[in-house]
Amino acid sequence: RKTFETGVRRLYFFLHYRNMNSGILWRPALFKDGAYLDGGTYLWGLQTEGESYFFFGSGNGFEAGSYEIRIYIGDEAEPLATENFTVQ
């Protein structure tokens with residue numbers, strides 16, 4: 001989906017991946033209206049290819065705005081993938 005209702009508490013994101021190496025760093029990052037909102041750095045522990053998901057949560061629910069997910073691999077400054085969506 002590209003649009004979610006204000007107050008939604010958990011947003012799930014699904015990935016299709018390939019050529020991943022076990023132990024490599026990856027970082028999902030969430031931005032709202034261009035400003036960093038949430039994220040983390042993790043070691044990849046899944047297979048080299050397949051499908052998975054992750055989520056971002058907000059106890060009070062997400063506010064209205066334009067959001068972007070960025071996926072970084074390793075120490076790269078530029079995201080490997082991005083996805084935009086709106087909460088309204």
Quick one: OH on Y12 to CZ on F56, what's the gap to the nearest 0.5 Å?
-> 13.0 Å
Got a sec: does the OH of Y53 have more than 12 other heavy atoms crowding it under 6.0 Å?
-> no
The reported gap from OG1 in T6 to CZ in F62 (rounded to nearest 0.5 angstrom) is 11.5 Å
Begin from the C-alpha positions of N60 and R9 and carry the test side-chain contact (heavy atoms from CB on, under 4.5 Å) through to its verdict.
-> CA-CA 7 Å; N60 296 325; R9 292 183 179 198; over 6 Å; no
Test item: I24 and W44 side chains (from C-beta on) under 4.5 Å apart, heavy atoms = yes
Pairs where residues 17-34 contributes a residue and the test side chain to side chain donor-acceptor pair (under 3.5 Å) is met, not counting sequence neighbours | Y17-Q47
What distance do S58 atom OG and R10 atom CZ have between them, rounded to the nearest 0.5 Å?
-> 11.0 Å
Dump the intermediate steps for side-chain contact (heavy atoms from CB on, under 4.5 Å) on L37 and F31, then the final yes or no.
-> CA-CA 5 Å; L37 186 63; F31 291 78; 5.9 Å; no
List the steps and the verdict of side-chain contact (heavy atoms from CB on, under 4.5 Å) for L80 and Y72.
-> CA-CA 5 Å; L80 177 66; Y72 298 89; over 6 Å; no
Using the six-membered ring wherever Trp is involved, compare the ring planes of F85 and F13 and label them parallel, tilted or perpendicular (cut-offs 30° and 60°).
-> tilted
Distance from L30 atom CG to F54 atom CZ, nearest 0.5 Å?
-> 9.0 Å
Pairs where residues 74-88 contributes a residue and the test side chain to side chain donor-acceptor pair (under 3.5 Å) is met, not counting sequence neighbours | K2-E83
One should read off an interatomic distance between L15 CG and S52 OG, to the nearest 0.5 angstrom, of 6.0 Å
Check: Y42 side chain, G45 main-chain N or O, donor-acceptor pair, under 3.5 Å = no
Would a hydrophobic clustering, with Ile, Leu, Val, Met, Phe, Trp and Tyr connected at side-chain separations under 4.5 Å, put I69 with V8?
-> yes
